[in-house]
Amino acid sequence: MRSPHRSRDRHDLPPQVQPAAGRGGVAARAPQGRHRRGGDHARAEVPLGDRADRAVLRGARDPQARRRRRRSGRDHAADHQGPGRLMAGFDHRTVDARWQAFWTRENTFATPTDRTRPKYYVLDMFPYPSGDGLHVGHPKGYTATDVVARAKRMMGFNVLRVMGWDSFGLPAERRAEQTGEHPSVITKRNIATFKAQLQKLGLSYDWSRELATSDPTYYKWTQWIFSVLFERGLAYRKEVAVNFCPALGTVLANEEVHDGKYIETGDPVEQRNMTQWMLKITAYADPLVEDLALVDWPAGTLKKQQDWIGKSIGADVVFKVADSDRSITVFTTRPDTLFGGTWVVLAPEHPLVDAITTPAQQAAVAAYREEVSKRSIRDRTMEAADAPKTGVATGAFATNPVNGARIPIWIADYVLASYGTGAVFACPAGDERDHAFATKFGLPIVEVVQGPAGHDVQAAAFTGDGPHVNSGFLDGLGNDAAKTAVIAWLAERELGKQVVRYKMRDWLFSRQRYWGEPFPTIEKQDGTVELVPFAQLPVTLPAIDEYKPTRDGQPPLARAVEWRQTTDHDGQPALRETNTMPQWAGSCWYYLRFISPTNDQVAWDADEEKYWMPVDLYVGGNEHATLHLLYARFWHKVLFDAGLVSTKEPFQRLFHQGMIHKTSFQDPTTGKYFYPEEVEPRGDDDKSWFVKGTDTAVVTKFDKMSKSKKNVVNPDDMCNEYGADAMRMYELFMGPLEDGVEWATDGVRGTRGFLDRSWRLLVDPETDTLTAKVSEDAPTDNKDLERALHATIKRVTESVTDLRFNTAVAQLMTFVNEATKAKQIPRAWFEAFVKIMSPFAPHLAEEIWQRLGHTTTIAYAPWPAFDEAKLAKDTITIAIQVTGKMRGTVDVAADASEATILAAAKAEPKVAELIAGKAIKREIYVKGKLVNLVV
RNA sequence: GCGAAUGUGGCGGAAUUGGUAGACGCGCUGGUUUCAGGUACCAGUGAGUAACAUCGUGGGGGUUCGAGUCCCCCCAUUCGCACCA
């Protein structure tokens, strides 16, 4: 991707911003006390529009066109003629450009190197740099983390705030197949686009730590971690049935396949046997479940991880096959119900089926197995849990170990060969599937756990807890006690034992693709595998002339014939691996590389790792709830066991931002999508949409933004028209961070209006000079304004922790409304406001800060404290209810006694009328809030 | 089918966790400024009424002096999971 950046860590804090001498630097001015003439403010590279500029801009404006755009609500095809709306506000183009240039020039956001302060590591899930560029959905999480990062800096934390690129992956490779361009070139271009878009938003990343997973200086270390896994016996090659996607020419992990299709593209997936690299994630199943207790994650995500791992504790139980010396081991989580076991079911693929099937049943069994095998895995997994049961008897019988009962052995496809032992015993009274099977095939149902009164096990299974019946030595015991008792009984007789099983399988870790990390392994002549020595890492991707798999189905790297030829540690000929790692590999550890991104001796510095880890706040979409987050935790735990990292878990706190949607318009018959400006609403309620000028009806749907659905809103357009700060603020104001919302450009206008009002508190836009409103000697007896200020500091401060930015922005607005009403604003109050709004609207805040006479960046100005005492009111409004109904209010002194308040309440005219002549049965007083007079 | 979440004005959403429902913003209505229907400012904006009364947080019950908030039963939407014994 790029050559490594030289580390430019800052060595002193707080950073003093140096005026850029000789360049008319923005800060090249002595601090001043009060109002200065606006005309003398220093110019940055991009001059602030002067009167003449504005006159031109205003003259160039076409009010009609503007109105049409506004009313249409789809003006994101932004007007590139000029700002166009700045008469009463600030010039965001100039301000944004000036401060972005300033931050870059001054290295404002370089990561501090002092290690005595507390640290805060806030991380975004890094994006795959697609060719489409960013849409307004991407920055929602980035803006939230930016507010946290900026506020934490001001609160005295050393903040690690970084961005990188998950840049290996399929789309670039597919594009390369089409164009012949090297994926690295495509990727580099896409990264440049993404980066430019992010920089327009003023996100406070330390860009000197930027990384890309496809960069050899990065994947060298991905290969090294693979070596660690290999050396610890956690990476192995195996011939396995894999999910092969013919359209992509590669295998996929189980996690990437859903309903028999590749999740990303929807291409069908089929089963094939191939030799593949596997990672033994199952060896970490237990810690992966247990350590979820250590992290502060959304409950839903914790549950998804648990479900994915699918730990279940049960027993393996041996059933002897009658009239035979064979036996069947079944897995069950309900050994307590063994007395109700009235038949045994094998998966159709179970190896014992052939051996035990009686001659009379052979034809039926063969036919059933044939039928099942014809149905693909896809069909089988698509079936619902309540799908009709099918199956066929083998004719053989088994002996129930607990009661010696002779019970039939069936095969049925609801038993999966790949889980447990591929065999189960059926207890129809205690399992819904078994019950359905019993009902269909007329098999006996024996009650073993007593359900609630009136429950008929012949009609429905009872899966709950209760006293056991018909169960010999288990009678009367509850489920747990019965389980313990029966397992002990079985173990004594060597007929069973307690076991733990997981749904999770080992991780299929190789792909037949070009654009991924090569494995640091070679295959020797005897077929064994050895690691490429560390000194020879990275194993870089060779240039090849075509990125498709070979005609005989080998991965693209098989084309690099010379590159493949190498030697082992004895100098004997050996071949390089032609598979590459899946895209997850790079994202499994990038949070560690950010700690020492340019170190070419180690993947990360141990002391630095101890300082920065764990990630304090990790923000990204919940689509990664199982895959990325599970894989990364797995690698981290291996690294922990290897003594390479200091924490058991990588991500202390996790937060999922909601997705931003936008209505899409699709012709249901052709599937074609239309841009918003191509369609129009018709009908009385404007609810039917048609393609303009035609009778083609289109259906509307809230959709993820995507180019193909023609519903993308581009953040660049928003920045151009409304400014980065208005855009940032709207992203946070639109609703709770975790919620999905529909994008509404009108809302950006709203936050822009707020920024303009904030600006005008200090600057007269007509003259571009400071107003007299904010002043050193303004009276400080404006209690309403003071209270609003402290309430705002409080709410914004809390929002940094609870991530409820929508209400924080609302509170900032409330303060500005209050301040607009005020005749004068004490300078100290206004400065406190500017500080707390600066994480949200950093460009404008810097500009105001400078106009206030400051010569250093606001990014490290100390965060203001709020005073609870200042939040209290002198007089409070007490609500008065009569028998629970609101009847009025009364204003009383904040320290008024209960008796005084009750008296005042009763004296309120309307209340007095209602209680006149009635006996008050009860008087309820809620301190400082209300009284309720019950009559 | 199972699980989780959500349901509040025309719209996005607030509500200190049982105590004045609708903060803040959008939109809308009226006014002032203005060459301008743009910007800014002022006023209003849950429904209903001439004004009251009254009715209002998906629906229905319940607990309570008091319920958007707690309990029970429905309905709807969204997102997961999909025969894992």
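The figures here come from the full heavy-atom set of this structure, side chains too, leaving out hydrogens, waters and symmetry mates. Below, chains carry the letters A, B, ... as their sequence lines are ordered, and counting in each starts from 1. Keep in mind the model is a prediction, meaning the values are calculated, not measured.
For A:Glu432, the side-chain hydrogen bond (donor to acceptor under 3.5 Å, both in side chains) test picks out no residue, with sequence neighbours left out. For A:Val457, the side chain to side chain contact (heavy atoms under 4.5 Å, CB included) partners at least two apart in sequence or on another chain are A:Ala429, A:Ile445, A:Glu447, A:His455. Scanning for side-chain hydrogen bond (donor to acceptor under 3.5 Å, both in side chains) contacts around A:Lys497 gives an empty result, with sequence neighbours left out. Residues satisfying the side-chain hydrogen bond (donor to acceptor under 3.5 Å, both in side chains) criterion with A:Asp891, sequence neighbours excluded, are A:Thr877. Residues passing the side-chain hydrogen bond (donor to acceptor under 3.5 Å, both in side chains) test with A:Ser758: none are found, sequence neighbours excluded. Scanning for side chain to side chain contact (heavy atoms under 4.5 Å, CB included) contacts around A:His790 gives A:Glu786, A:Phe866, A:Asp867, A:Lys870, A:Leu871, with sequence neighbours left out. Every side chain to side chain contact (heavy atoms under 4.5 Å, CB included) that A:Ala905 has, sequence neighbours left out, goes to A:Ile880, A:Val931.
Rounded to whole Å, the C1' atom of B:G56 lies 15 Å from the corresponding atom of B:U49.
Mapping A:Arg804 and A:Ser312 onto RNA chain B via the closest heavy atom, the residue that lands nearer the 5' end is A:Arg804. The nearest heavy atom of RNA chain B to A:Arg922 and to A:Lys910 marks one nucleotide each, and the one closer to the 5' end goes with A:Lys910.
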For nucleotides 7-13 of chain B, print each protein N/O atom paired with a nucleotide N/O atom at under 3.5 Å, atom names and distance only.
{"residue": "B:G12", "atom": "O2'", "partner": "A:Met734", "partner atom": "O", "Å": "2.5"}
{"residue": "B:G13", "atom": "O3'", "partner": "A:Asn806", "partner atom": "ND2", "Å": "3.4"}

Collect all protein-nucleotide pairs involving nucleotides 68-72 of chain B in which both atoms are nitrogen or oxygen and the distance is under 3.5 Å.
none

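In this structure, A:Phe90 and A:Trp759 have tilted ring planes: the angle between them lies in the 30° to 60° band.
At the phosphate of B:A85, neither OP1 nor OP2 sits under 4.0 Å from any side-chain N or O atom of A:Tyr414.
Looking at heavy-atom distances under 4.0 Å, A:Lys304 makes contact with sugar-phosphate atoms alone, never a base.
Residues from residues 877-888 of chain A placing a heavy atom under 4.0 Å of any atom in RNA chain B, listed by number, are A:Thr877, A:Ala879, A:Gln881, A:Thr883, A:Gly884, A:Lys885, A:Met886, A:Arg887.
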Fill in the dot-bracket string of RNA chain B, one character per base: . for unpaired, | for a pair to another strand, ( ) or [ ] for pairs within the strand, taking Watson-Crick or G-U pairs under 3.5 Å.
(((((((..(((......[....)))((((((.......))))))((......))..(((((..]....))))))))))))....
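The listed nucleotides are B:C65, B:A85, B:C24; the one nearest the side chain of A:Ala810 is B:C24.
Among residue pairs with one or both ends in residues 803-814 of chain A, those qualifying as side-chain hydrogen bond (donor to acceptor under 3.5 Å, both in side chains) are A:Thr792-A:Gln811, A:Arg795-A:Thr807; sequence neighbours excluded.
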